[in-house]
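Take a look at the structure set out below.
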Amino acid sequence: MTETIFAPATPLVPAVRAAIRVSGDEAIGIVRKLCPDASIESKRSIVRTRLKLSAGACPAQLWISPAPHSATGEDCVEIHLSGSPLLVDAVLRELCKAGARMADPGEFSKRAYLNGVLDLSQAEAVMALVSSSGKEDARRFSAVLDGALSREGQRLVSELESLCAQFELSFDFDEEAAEQALLDRFKDMARAALDHLRRFTEAPRHAGHAKPSVVLIGPANAGKSTLFNALLGRERAIVSDEAGTTRDAVLETADLGGIAVELVDTAGMKQAADMIENHALESTHEQQDRADVVLLVIDSKACHSREGGNPVFDCLHFDSPLHRNASYLTNDRTLIVRTKRDLCANSSPLPEPFCDYPSLSVSALTNDGIAELKSRITSLVKRSLAPETTAVSARQGALITEAASRLEEAVSELDRGAPIEVVSDLARSALSAIREAFGHGASADVLDHIFAKFCIGK
Ligand SMILES: Nc1nc2c(ncn2[C@@H]2O[C@H](COP(=O)(O)OP(=O)(O)OP(=O)(O)O)[C@@H](O)[C@H]2O)c(=O)[nH]1
Ligand SMILES: [Mg+2]
């Protein structure tokens, strides 16, 4: 018999409504003790009742979902009542007296997993969804929760199972020609499975950091900080007409078209005159190396002057010492933003190769072009987002990578003429890593580790 657990399903703050979840073999019986006058049957229903609490009675609705068709796969009751934290606390105490206990973090989701209602990808998507910070993340994790990743995972498991089955067959073959045909078939299947595996780990460019990062770089005084503030919608970075105002990079979360991005303002690029300016340039280089989208900000007015030492043109040369590494300046993730359009209506052409880069001119002072800039950044950011079939957690990603390595080894051992048993063992290791990634046969320790990260009530 499973213990009956309960937890608030809504935050403990004053609100119109609150909900408490109760789950376990005795869930319906225990809730019945709180409202002895109500007729509560063990069938899917919504019952209006009054809960008898030591402080008095309170109206409530009971949403009853018997096993197995409930969120946890067990008998479940959701108690909906007025959203007073004191009232919720009083009901939790009564539930405790009636024989249930407070749920551990993630215990509802763990039970849902153990009862086959959710698989591990979906359970991990629940957690990712709760902590997601943008609409785009929320859309992706909802799709995972809806089974998009699980279905792909299941296809992969079947692919690898039939791959391994090829070997079991080959052990029974005497004829060399038939065995060779099987091995060739194995190689084709392994390559297809590898392509499939790589799609799961196709890391979004921003794999190292939670949000895609949009970094503003460019010569000192170009108007980066002013533009940063305009994109953010508030005065966060210091602005002045003195070149070299920004020293440390300034990082803030901005919402661009429903996507939460990390917006980064950097120190202007100029020949460093002292140690502090050297550090500032180093920090700019670090930020641009990890950028998903680079906004190369240049002053429209300064574009006209092509005299030697013009920092704008220095920044527009790949081999300029101002760029430690120009490889981040590819035209699929760099947008050239000419600022101060209000001061300079006509912009002169940019030198090679930047004349072919996407560009637009804006004025952060009058807000001209800012809306278009936001939508151009959003399109660039979308290209760096993970598809729905990308691994949902670091745990799952590591196991998929492990499976891909084992399978690659299997193919190269096969090419080297290794004994068939060696190749078979490697294919089996790939299969077991993939099964674990998608939650088949995960050990109790692994499950405890995963679900302990959830909040109480999930
Ligand atoms: N007229 C006009 N002035 C602007 C515009 N954008 C920035 N400025 C002015 O340009 C000067 C430099 O702006 P900042 O935003 O501090 O430039 P920055 O690129 O961050 O400079 P550093 O931090 O020194 O690299 C300030 O005096 C701003 O008011 C604009 O669109 N129009
Ligand atoms: Mg600045």
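Note that the structure is predicted; figures quoted are calculated from it, not measured. Every number for a ligand or one of its atoms is a count from 1 in the order of the listing.
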Exercise for the section: May I ask whether T339 places a heavy atom under 4.0 Å from ligand 1? Expected result: no

Handout entry: Sub-4.0 Å heavy-atom approach of E242 to ligand 1
Key = yes

Minimum non-hydrogen distance to [atom], winning option of [options]:
atom                    : options                : answer
atom 18 (P) of ligand 1 : K224, R338, K340       : K224
atom 27 (O) of ligand 1 : V297, T246, D241       : D241
atom 24 (O) of ligand 1 : S300, S240, G244, A220 : G244

Contacting atoms of ligand 1, where contact means under 4.0 angstrom from a heavy atom of [X]:
X    : result
S363 : 31 (O)
G268 : 25 (O)
G223 : 7 (C), 13 (O), 14 (P), 15 (O), 17 (O), 18 (P), 19 (O)
D342 : 1 (N), 2 (C), 30 (C), 31 (O), 32 (N)
A222 : 19 (O)
L343 : 1 (N)

Problem - Distance criterion under 2.8 Å: protein N/O/S atoms around the Mg ion (ligand 2) - result: 2

When you compare ligand 1 with [X], is there at least one nitrogen or oxygen pair between them that comes in under 3.5 angstrom?
X    : value
T266 : no
V362 : no
A267 : no

Practice task
State, without any angle test, whether T246 and K224 hold a side-chain donor-acceptor pair at a distance under 3.5 Å.
Solution key: no

For [atom], what is the closest protein heavy atom, and at what distance to 0.1 Å?
atom                    : result
atom 21 (O) of ligand 1 : N221 N, 3.0 Å
atom 14 (P) of ligand 1 : T226 OG1, 3.5 Å
atom 31 (O) of ligand 1 : A364 N, 3.0 Å

Practice task
For S300 and S361, run side chain to side chain donor-acceptor pair (under 3.5 Å): C-alpha distance rounded to whole Å, both residues' side-chain angles, the deciding distance at 0.1 Å, then the answer.
Solution key: CA-CA 8 Å; S300 305; S361 69; 5.6 Å; no

Nearest 0.5 angstrom please: [X] [atom1] to [Y] [atom2], how far?
X    : Y    : atom1 : atom2 : result
R341 : N367 : CZ    : CG    : 10.5 Å
E161 : I434 : CD    : CD1   : 11.5 Å
S379 : L256 : OG    : CG    : 10.5 Å

Taking non-hydrogen atoms only, is [X] closer than 4.0 angstrom to ligand 1 via side chain, backbone, both or neither?
X    : result
D265 : neither
A243 : backbone
A237 : neither

N/O donor-acceptor pair under 3.5 Å between [X] side chain and [Y] backbone:
X    : Y    : answer
N115 : V117 : no
T266 : L216 : yes
E74  : G24  : yes
R21  : A9   : no

Problem - Note: R406-E402 ion pair, threshold 4.0 Å (strictly below) - result: yes

Exercise for the section: Answer yes when E107 and K110 have at least one side-chain N-carboxylate O distance shorter than 4.0 Å, and no when they do not. Expected result: no

Practice task
Taking side-chain contact (heavy atoms from CB on, under 4.5 Å) as the test, write out the residues that go with A404, two or more places apart.
Solution key: L194, L197

Problem - Result of checking D368, D299, D241 against K340 for salt bridge (charged side-chain N to carboxylate O under 4.0 Å, His left out) - result: D299

